[in-house]
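These notes concern the structure reproduced below.
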Amino acid sequence: MKTDVIIIGAELDGLIAATRLVEYGYTVRILAVGAGSLHYSSAGEHVLGFDSSEQMVKNPFEAIESLNSHHPYRRIGTSNVRLALEWFYKKNDGSNILSVSPAGLGIPVYRALPWQATFDDIKNKNATIVQFRNHGDFTAHLASNELNRAGYKVSVLEFEAPDVFSKNAALAKSFDRLEDPASFFLGLKESLSDETEVLLFAAVMGFKDHQRIMNEAEKIIGIPCREVSTLPPSIPGMRLDDDLTSNLKQQKVSIHSGVKIIEHRSNGSHCIAVTDDIGRSYEASIFIVSTGGVLMGGLDIDSHGNVHETSLGLEVYQSEPLSAVSVDTSLHALHMAGVETDNELRPLKGYRNVCVTGRSLSHWNPAQESSCEGVCISTGWVAAETAHNQLMGMKNG
Amino acid sequence: MLKKNTIAEFSSPHAHKVRDQKAILSSMDLCTKCGICDAHCPVASVTGKFPGPKYTGPQAQRFRAIESLSELSPFLCSGCGICTSVCPNDVAITDIITVAKAVSFNEGTELKVGQRILNRPDLIGKLSGLLPSLSNFMLNNGLLRFLIEKATGIHRDAPLPKVHGPVFKRWFTNHTQPDGPRISYFIGCSIDNFDPDVGKAMVGVLNHLGYRVDVPTDLCCSLPMLSSGEWKPTRARAINLIDALHPSASNNTPVIFTSTSCSLTIRSKYSAYLDMTDTKSRTVANAVVDACEFLRERHMDDIRENAKELPLRVLYHGPCQLRGHHIGQPAVELLQLIPGLHLELSKADCCGVGGTYGYDKDKYDIATSIGTALIDQIKEFNPDFVICDSETCRWSIEAKSSVPSIHPVQLLMQSLGRQ
């Protein structure tokens, strides 16, 4: 049962670390309570959208220097962030683009997902947003009103979806099953005004067969088709989660769901095994904590407003006790709370063979910075490098 | 020959999470309404009739706690358990829905005749096993199946298994075994009559590893009754089964299961639904271990050393109930030890059949739509075998894909037993 590495949690950072470690040829086991927060990830790949003075960022790498000195990006260093993102996104030009949010606002992303709507797509064009009837997770008028206010030409077309579903996932999967997508898109084309130059859909155009569906849409309708993200659970995030987990399973990584780690055994300086809430033990040489912070239960707040790390009981940095009275400052303090680490992501106080990644780290605020995927990917990548170095060290005695 | 294994303390590390009915229902307060369960529910993604696990589970439960509701939605749940397994907050969603079914049933919701029959697989087995060839003729006769559908609501194309008669027990009685450490094997209501080859392969693998196998009982775990809400008659049956398994369990002997659903029932559903949390029931629950889980934890090295080449193409589909065990997919780790095996993994979450859910004429189409992704993948890959740990999934997959479907231990036995 013993593996080289155990990853606690199925967050983006953990899946990235696992993917990287499998490339190196290590055995990896992932232990998670349930699905990870990629399901909430609404609008693609945020690396650094806003700096500490809340100004919109054009080049994320140049803006890293403006972040607080304990920030995960500063800890692991800009060059590692670059390497990690280049490895994952196959892109290194360092610039953000503006994507269209569900409310029609501009959100800086490092790379647009395939078919993700950006402001460049709708600039000086007549755009139409399709509102599928009964689709409760998306409101086209919210986006169109905001875009019209900002000077873009956007109208809304109400249309019957292929099946009566109100939720994103069911709609997306119904597109996968659609027997004759061509005639569906032909019907849609006939309802469009001739002036439409670009067509925007809610991001529900297929789940596993997304590419096929969007290719078919563009082929039949004959104009560029794009997707605007929706309320969560969000299909673009779920697609990425599905891609990563399916690939890991094919690479022989075992993913155990329903496993909540609450105890561990150590020999003083090293963690030897972790134990779940029903008493099962899992041994490994390296442990990576990718439990997703407060949102996913990796960090917990007690009734005194103090934050705790739930899986290994690691010491947590926190600027002030949280309070329900001063919500604004507390919310920021809550985001900034987490485990403090060295540059290799090992906890400052704790075991030498443990790494902490993503939202369980301190000193960053994904909501304010719009940096969630970037920090998760680069810390996951660095944790894998740290694990690799340590495992090589162990092998060489 | 492999080295003999002694059975050390096996039961304690496997103690399954004990949640009684009160704990199940109060887990509704852990729900943050994130909707991840709805996004993964196989039923909600193919029919608009089912409002989804979030509503049917924790959300409606708040109202059920105040007044009794007249509702149909719990009965559309297939009980696959995927919602519970993806929930980031550990809400026992499937169990909440199953409790609602039972409450509704107690308050007079009629259960179809067909479901009542399907709820007693042990009885079906005993009756059909008397005259296997007549039973198989009847089950394959289109006109008869049409009449059965009219009378009972069991869909004419429901993937009922082939009847073998009491084949396994007859074989086992005359089977010579090594004189090694003893281990118990649970055959339930299905191995003897419907799935004798799985039983023979399991005994074969355990013998190969040096164990002497006991078969303490052929009683049924009563899962179909539990999951369709017919709880009153279940308790006595459950107590009988616990009594039958207790001698081996209290002797620190693991009880091996090749059915992921029977093992899950005894491990966690007796406590969840019937509040059976007494010491005796817990002793038995803690001795229960899935076949592949046991082999993964005890015999990876033995199997690695002794597995012989099998140049086959196989597709592995992990059944939904396996998620409820929280053990990942141990079969995959074992099958990877077989040299020459071309192993592809299922990309589908669920085969759709949901135990006896897909047998009902009103749910057959839902189950078929759910299963389409898996069947399409099987047809495209065109394997020699589909490998799956659960019997009802195998029967359904075999009926719909025409590819023979076997349990992982059957493939292991093929590999270990090769000369």
Side-chain angles (χ1 to χ4, degrees), chain A residues 1-3 9-10 27 29-40 134 137 163-174 176-177 207-209 231-235 237-238 242 246 249-250 252-260 275-281 291-292 295-298, chain B residues 12-18 30 32 34-52 54 81-91 267-268 286 296-298 300 316 318 322-330 332-333 336 343-348 369 372-373:
Chain A
M1 280 286 287
K2 188 179 173 181
T3 45
T27 53
R29 201 178 288 284
I30 297 178
L31 309 173
V33 175
S37 65
L38 265 178
H39 287 68
Y40 304 127
N134 302 315
D137 288 344
D163 219 329
V164 239
F165 291 116
S166 64
K167 290 170 189 152
N168 294 334
L171 258 182
K173 290 172 189 172
S174 74
D176 283 358
R177 287 193 305 271
F207 183 58
K208 300 214 187 218
D209 284 340
L231 291 175
S234 139
I235 300 303
M238 284 179 64
D242 189 62
S246 307
K249 282 180 191 164
Q250 293 292 345
K252 322 212 187 304
V253 171
S254 299
I255 304 180
H256 301 222
S257 62
V259 177
K260 189 175 192 173
T275 308
D276 66 12
D277 59 351
I278 54 175
R280 282 196 187 108
S281 247
T291 45
L295 181 67
M296 303 308 282
Chain B
S12 54
H14 291 265
H16 219 67
K17 188 185 297 186
V18 189
L30 299 171
T32 60
C34 72
I36 289 178
C37 54
D38 284 345
H40 284 268
C41 173
V43 177
S45 68
V46 299
T47 173
K49 288 181 199 157
F50 183 53
K54 181 178 77 172
I82 288 179
C83 49
T84 306
S85 80
V86 295
C87 175
N89 295 300
D90 215 8
V91 181
R267 266 184 164 171
S268 62
N286 292 342
R296 176 181 70 185
E297 284 179 28
R298 292 307 190 81
M300 285 292 273
Y316 175 77
L322 198 54
R323 297 166 175 242
H325 288 272
H326 312 152
I327 54 177
Q329 296 187 332
V332 174
E333 292 174 56
Q336 282 162 3
L343 172 66
E344 173 156 310
L345 302 181
S346 159
K347 297 188 182 88
S369 308
T372 308

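FYI, side chains are in, hydrogens and waters are out, and symmetry mates aren't considered; it's all heavy atoms of this structure. Every chain is numbered from 1 and lettered A, B, ... according to where its sequence line falls, protein lines coming before strand lines.
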Quick one: closest heavy-atom pair of [X] and [Y], and the distance?
X      : Y      : value
B:H326 : A:I278 : ND1-CD1, 4.4 Å
A:P233 : B:G35  : CG-O, 3.3 Å
A:Y40  : B:P88  : OH-CG, 4.4 Å
A:G36  : B:I36  : O-CD1, 4.3 Å

Between A:K208 (side chain) and B:K347 (backbone), is there a donor-acceptor pair under 3.5 Å? yes

Side chain / backbone / both / neither for [X] at chain A, heavy atoms under 4.5 Å:
X     : answer
B:P51 : backbone
B:C34 : both
B:T47 : backbone

Using heavy-atom distances under 4.5 Å, tell me whether [X] contacts chain B through its side chain, its backbone, both, or neither.
X      : value
A:K252 : both
A:K173 : side chain
A:V33  : both

Spatial distance of atom [atom1] ([X]) from atom [atom2] ([Y]) [nearest 0.5 Å]:
X      : Y      : atom1 : atom2 : result
A:K249 : B:L345 : NZ    : CG    : 8.5 Å
A:L295 : B:T32  : CG    : OG1   : 8.0 Å
A:R280 : B:E297 : CZ    : CD    : 7.0 Å

Hey, are A:R29 and B:E333 close enough for a salt bridge, meaning a charged N less than 4.0 Å from a carboxylate O? yes

Among the listed options B:T84, B:V332, B:L322, B:V46, the residue most often paired with chain A at heavy-atom distances under 4.5 Å: B:V46

Pair count under 4.5 Å, heavy atoms only, with chain A: among B:A44, B:G48, B:A39, B:A373, highest is B:A39

